[in-house]
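One structure is given below, encoded as structure tokens.
Counting starts at 1 for both ligands and their atoms, in listed order. All figures in this text were calculated on a predicted structure; none of them were measured in a lab. Residue numbers count from 1 along this sequence.
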Amino acid sequence: MDETADKKPSVNFIEEIINNDRAAGKNDGRVHTRFPPEPNGYLHIGHAKSICLNFGLAEQYGGKCNLRFDDTNPTKEETEYVESIMEDVRWLGFDWEDRLFYTSVYFGQLYDWAVQLIGQGDAYVDSCTLEEIRQLRGTVTKPGTPSPHRDRPVEENLDLFERMKNGEFKDGEHVLRAKIDLASANMNLRDPVMYRILNATHHRTGNEWSIYPMYDFAHGQSDSLEEITHSICTLEFENHRPLYDWYIEKLALFAPQQIEFARLNLTYTVTSKRKLLELVQEGHVHGWDDPRMPTISGYRRRGFTPSSIRRFCNETGVTKFNGVTDLARLENSLRDELNKTAERRMGVLNPLKVVITNYPDDAPEDLLEAVNNPENPEDGVRQVPFAKELYIERDDFMEDPPKKFFRLGPGREVRLRYAYFITCNDFVKDDAGNVTELHCTYDPATRGGNAPDGRKVKGTLHWVSATHALEAEVRVYDHLFSEEDPTDVPEGGDWKDNLNPESLTVITNAKLEPSLAEAKAGDNYQFERLGYFCVDPKDSTSETPVFNRTVSLRDSWARKQKQQNKKG
Ligand code: ATP
Ligand code: MG
């Protein structure tokens, strides 16, 4: 593991709470956290933040962190999600050891606790519909009205609740509610629903249960059962904390402390699982692991490294205020890392043929030495074959170049990286007027890229030998959305209108340096002048290698945004 990815800038407010708790001897100084995903989708970058925080704190304080599937909603949850979540947490570099839990394992215990609350007069069966309950709940300024069933005798409540469990009723016929305070300023305390009837098959418990606990009734008690000391969640649960504490107190259980922090939001990104599911189901992307998705599996396939994501999560800090983080920070975290670690290669994405007219037809193989990584001499060098026919990038030639264009044009001389100086003498066009071939001469004395007579050229181009090129498909990915805040749409608008139509460009005839035939899934490369690339782990084959562009060399969106702001 890259150590520097796991350093935090300073003490955050959660560390402060933990430090104080430890100083006061609370829980004998123990720190035990958990990461509690609901298996109703793949993990996204926001979850990575929560994972780094929870597992990170446990590591930092010599404590433990559990992985717990919060699987209380049978209608939306699936085993596929459970498996992907485990894979993603491991890939990020964290280990729950033997502490894998499921809220569904606690269903029996939670049921018994509900029965206990009924017995204590702290819960009742309500036979109103959810709509009626909502109407009777009142508003912030108006207290709620008691349901006609609020004062049902305990015996009747116990009987009804048992029959709810036994599957004697249809969905929605009854609910179990906590009896708290219909006038509370906190709406969550106005007799919240604890259990609802759902005659549905659960991905783990099958048809064993006809009733399922609500998140609020399940979460705190699950934390308590696992003796979690610090139950960290996002800010929207702040108003639920009194309820969390109420259940724990009424049941006289071990009391974990709920702590809320601001969720991570990223520009040009949506992180609601519901929205991500919509993108998948409607085919706007090719699955949850599409490299444009902000999911962990999408980033993995795109070529992000776990350490760059951890570094980003740690460096963006932990606060109490909702804000939006620039996507460029995530990308820069990766660029900083790959600049140091990724080997350089040459690849041509939009090829233009170059014929070296004075290069002997019968020349022996000409292997040139190329540095693998100028940032890391230990990576050594490799041999790149030169030949009479080459490819360069179409953009690197102009028929009638302006003065400031330092690349190739008629009569101009440039350096081919690690190879020779070449001069363009002529070009060929097809009937449509497109340049199809350049005719150049090379200077054999400049082998390696320097002229013995000291003459200078301003441009250095990447190139690939046409004879030796590895033919590949290259997928150039860009931001999935073209707006900074994709969900900021006018009344009646659709956030999906903000999808970037250019988020994926497929290049089927890229020409790559032959050594890239050995590239394996998980290897990152910098294609000189173009960006960082990796082998697509899913679609790449030896016949048709597929490379994904992970990220460009520089962020071009900040500039675009500035231009837009000026216009607007
Ligand atoms: P979504 O809104 O995408 O459906 P969720 O909060 O419902 O997310 P869960 O599976 O319940 O998804 O989340 C598991 C944990 O991850 C929770 O503790 C939650 O607070 C945390 N989490 C989810 N999204 C973010 C985020 N954007 N930033 C930080 N933590 C997050
Ligand atoms: Mg949730």
When you measure from the side chain of [X] to the backbone N and O of [Y], does any donor-acceptor pair fall under 3.5 Å?
X: R137; Y: M187; result: yes
X: S231; Y: Q258; result: no
X: T505; Y: R475; result: no
X: E337; Y: S308; result: yes

Element-labelled atoms of ligand 1 that are located less than 4.0 Å from some non-hydrogen atom of [X]:
X: S272; answer: 3 (O)
X: P36; answer: 14 (C), 18 (O)
X: H44; answer: 3 (O), 24 (N)
X: F261; answer: 29 (C), 30 (N)

Any N/O of [X] closer than 3.5 Å to an N/O of ligand 1?
X: A262; answer: no
X: T234; answer: yes
X: E236; answer: no
X: H47; answer: yes
X: P37; answer: no

Within reach of ligand 1, part of F237 (heavy-atom separation under 4.0 Å): neither

Residue pair N66 / E226: nearest heavy atoms and the distance that separates them: ND2-OE1, 2.8 Å

Shortest non-hydrogen separation from T550 to F304 and the atoms involved: CG2-N, 3.8 Å

Option set R263, R274, K273, criterion heavy-atom distance to atom 2 (O) of ligand 1, minimum: R263

Residue from F161, W113, Y212 passing ring pair (Phe, Tyr, Trp, His ring centres under 6.0 Å) with Y195: F161

Test: R204 cationic atom under 6.0 Å from Y102 six-membered ring centre, within 45° of axis: yes

Non-hydrogen atom of D70 closer than 4.0 Å to ligand 1: no

